[in-house]
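Data block below; observations after.
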Amino acid sequence: MAKPQRKTKLANPPSRKSAPAPRVAAASVAARPTGSMQPTMRGKPKGQQKGQKKGDGYNIVALVLILLVAMMAFALPSFIILFGGMTPTWIAFIVDDRRMPYRLNTIGACNLAGVIPFLGSLWLSGHELSHAFMMLTDPIVWATMFLGATTGMGALWVGPHIAAMIYNTRAIKQRRDIELNRRALIEEWGVDILPPQDAVDKMKPAPTS
Amino acid sequence: MDTAEQSLSEVIVGDRYAIDLNVPMSQFDTVGASAFAVRDILDPRRKFYALVQRPGSLRRNQTVRKLMGRTIPGLLCPRAEGVVAVPGDGERLVTIIDYPAGGAVADDVNGFHAISERMIREQIAPQIFATLASLDSIGVSHRSISLQNLYYRDRQKKEIVLGDCFSAPPAYHQPWGYEPIERVLAHPAARGEGDAACDMYAFGVLLMSLFLGRDVGGRDVGGRDVGASGGADVAAHVDARIRLGSYWALGGSNELTGAMGDLLRGLMDDNASKRWMLDDVKRWIDGIVSRKTVPDQGWLLGRPTMFCDRGMKDRRQLAVAMMDAPKESVAFMRHDRFRQWVENALADVTSSEWLDRALDQRLLNNTADLTAKEEYMAVARLVAVFYPEAPLVYGSVVFYPDGIDYYLAMLMLDGDVERLELLSDFLDRNRIDAIVEILSGRVSSMRGQSSRIASLTKHGAAPGLGQGLERSLYELNRSMPCLSPKLRGLYVTDLERLMAALEAAAARGDMGGGAFDHHIAAFMARHLSALDPMFARLSSLADQPENYAIEVVRILGTVQQNAYPRPLKQLAHALLPTLKRPVEKLKSATRRKQAMALLTALAEAGNLMRIANELNLRTLQQRDEREFQGARRLVSQLSVMQRRLEQPLDVSHGQVRLLGYKLAAYFGYIAVIVVAASLFLQGQG
């Protein structure tokens, strides 16, 4: 005869409270940079990603060349201002390391921001070739357009510092969360739960800032 | 004495008998009970005395049951009984007995007026005969017939009565001379219930004492007073009775002739089958003298021998001598010519094959020194072979199977650890079975004792709680109160009272050392056989304190379910510290707290079975350990994460640079949009 099953009230202890799992903290930490210099491209095999990237680069070059040729044919004054004013970008385009795509974007965008006012002035004054050449003789115009590119360079220098600051600030918060979880676990399970090296200074709280 | 003092010293039994504890009546004291005066509240003219039983001592309960309320003119019968609280001594069993108003027949047993043959024939013998016939008709043997226990019921000293025969082990107070030879050899508490033949023998010695005017049974062969027990002289006493016959050894030079001589010789015959019984006495009273023709017991050895420098002609004599000299006995049985001698000496009663089995050929051929226990066993075999009517002998343990219950109780009461160990050793199935095999079919006293011996071997030598000699004690004595020291002062005869007593002990804080001891466990197992496997499991858990504690609660819970349907809060609370110990070892604080709360709540409810069932410690511990390991891994992972987070990131870090450049690019896009939008707005304006 089968034995009657006993009631085991305590057979199912409160697992949520007894072993709090710091999932949020763990996920956050997992998202923290691991030190690799390569940005991760997801969704495609590695070889395919490389070929795709190379193809994209050629497409952009081809697109730019088509645009330039088209401009040369149909909007020569604008082409002259753009070609001259965007010189830093063309140089960056030639010398830039393609593994850091945002560098060229930054320089190009900032350079363009410095060129756009003069393109506007050209279009407002009738889009004359003479006016374009006259602009190119003005050093203030060159200075303004190149200042845009320089601003871009500055942004590229400041950007990583700001990023580091953001990451470190987030790390402090994550460490605080982990410490809270760790303390909750120790409180629940006692100091025996600590690895041997931690048990020595078990009472010493981990730095939170 | 004022009323208040009197009420303190007076206890009432059966709403009728007031026992005055300030008036002891030591002349009626026995080894099992103390006597006190009694006042009959309903009928003050009737006289009684009370026997207040000593804790742990055995009363002859079967005998009491048969005699209670019965009117046997020649016997002091029990009239009432009850358990009363004696101030300072706790609960005691009290028996109310008829009081012999005429006092003892012989105030001084060493010297009193001899009673004439006519008086004995017409007055005394018929009265005692009638009493013994009444007892025989209800299957009771008195076993305390002696001059010291003979009284006059009435003040006119006409009616003779035999005194109390149930408050002490049978024949415990019998002086040696009043016991048949074989029964004298046993420990006074182990002389056994005996049979009518024992009473008839004592009757003969009593009549001889009355006739001669001196207590012949209370003296040794040299005329010294021996009382009921003695030292080494018992061997000399028995030896003399074997050599001369009890009639001549006790009667001395008094040659009794005529009818009186016939009666005494018939009653005091050492051969129980030749001894006069009631119908023989009846015939004698009627003037007819019986002559019994029975086969010879074969006590005389076919060939006499020398043992310990003494000539031995009687096998009983040899056996008694061997009991006192184990080493010499072993040397004797290893002698070259022993085997040949014994086959010739016992030729009429034994066969060669039987002797091979009985004497353990292995021991005979072994030349190495024997251990003490092997020597005891060798002597036990020899005594059983030579004198099967003798008690069972194993070292200093000498008992009759029908007296083992009283003997066991007495040894426990005396705390005689040495003898208890010997007894436990003897009860090993191999040993006791060997002796029973030797005795079976050869001695009538072994008949009907097989169940007792089976009970003894089943439990007596078994280890663990609920077994052992304690269990044998309770198995053999169904109405025996629990003798646990934890229950001192309480008269506990059933499980309901036991649980109530444990509850009371817990309330007093007397539960030190756990709920059980060997007595309580044996008592429980005796009254509830379902506990046997539980106690066996408990014994196997001795090295696992946590599970042991739960098993204890489960056993108590089972008893509570079966015998005490009330809450046992105090007991549960007393067991809490033991139960909390394993709970305190749980690693999870939450689980610990919950288990503690559950325990406390269950203890408050007082249901021990629920505690045992709902606190599944083993599952809890397994789950706790498993989750602890999981949590430990998690903490290790957190530590690794923490160490990683402790290292600050700088701009050289790839991902930092990537994010930084992305931010810069967004800045550039915003700049383009802002400039273009402002130019567009300017153009519009």
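Each chain gets a letter, A, B and so on, in the order its sequence line appears, and its residues count up from 1. Treat the numbers as computed from the prediction; the structure is a model and nothing was measured.
Atom CZ of A:R175 is separated from atom CZ of B:R643 by 12.5 Å, given to the nearest 0.5 angstrom. For the atom pair A:I172 CD1 and B:E646 CD, the distance stands at 11.5 Å (nearest 0.5 Å). The CD atom of B:Q642 lies 10.0 Å from the CG atom of A:N181; values are rounded to the nearest 0.5 Å. A:K173 contributes atom NZ, which lies 12.0 Å from atom CG of B:L645 (distance to the nearest 0.5 angstrom). A distance of 9.0 Å separates CZ of B:R632 from CG of A:L194, quoted to the nearest 0.5 Å. Atom OH of A:Y102 sits about 4.0 Å away from atom NZ of B:K662, to the nearest 0.5 Å.
With respect to chain A, the highest number of heavy-atom pairs below 4.5 Å among B:L586, B:L663, B:V651 belongs to B:V651. Options B:S636, B:A671, B:A665 differ in how many heavy-atom pairs under 4.5 Å they form with chain A, and the most are formed by B:A665. Comparing A:G120, A:G108, A:A109 by heavy-atom pairs within less than 4.5 Å of chain B, the highest count is held by A:A109. In terms of heavy-atom pairs under 4.5 angstrom with chain B, the leader among A:G159, A:G114, A:P160 is A:P160.
Listed by chain and number, the residues in a ring-ring contact (aromatic ring centres under 6.0 Å, His included) with B:Y669 amount to none (sequence neighbours excluded). For the side chain to side chain donor-acceptor pair (under 3.5 Å) test, no residue two or more places apart in sequence or in another chain qualifies with B:Q622.
A 4.5 Å side-chain heavy-atom check between B:F667 and A:C110 finds at least one atom pair inside the cut-off. Between B:F628 and A:D192, the closest side-chain pair of non-hydrogen atoms falls below 4.5 Å. Looking at B:H653 and A:Y167, their side chains never come closer than 4.5 Å, going by heavy atoms from C-beta outward.
Here the closest heavy-atom approach between residue A:I116 and residue B:L679 is recorded as O-CD2, 3.4 Å. Between A:A163 and B:G660, the shortest heavy-atom contact is CB-N, 3.5 Å. Smallest separation of non-hydrogen atoms from A:R182 and B:S639: NE-OG, 4.1 Å.
Heavy atoms from other residues, nucleotides or ligands lying under 6.0 Å from CD of B:Q544 number more than 12. Within 6.0 Å of atom CD in B:Q682, 12 or fewer heavy atoms from other residues, nucleotides or ligands are found, so the atom counts as exposed in its surroundings. Annotation for A:M71: atom CE counts as buried by contact number, over 12 foreign heavy atoms lying within 6.0 Å. Heavy-atom neighbours of B:R618 CZ from other residues, nucleotides or ligands within 6.0 Å: at or below the threshold of 12.
Side-chain atoms of B:D650 never come within 3.5 Å of backbone atoms of A:A164 as a donor-acceptor pair (strictly under, hydrogens ignored). Side chain of A:E188 to main chain of B:T590: a donor-acceptor pair is present (N/O by atom type, distance under 3.5 Å, no hydrogens or angles).
Interface remark: B:L659 contributes backbone and side-chain atoms alike to the contact with chain A (heavy atom separation under 4.5 Å). Residue A:N111: no heavy atom, backbone or side chain, is found under 4.5 Å from chain B.
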Side chain to side chain contact (heavy atoms under 4.5 Å, CB included) for B:Y661 and A:L104? Distances and angles first, verdict last. CA-CA 10 Å; B:Y661 293 162; A:L104 186 61; over 6 Å; no
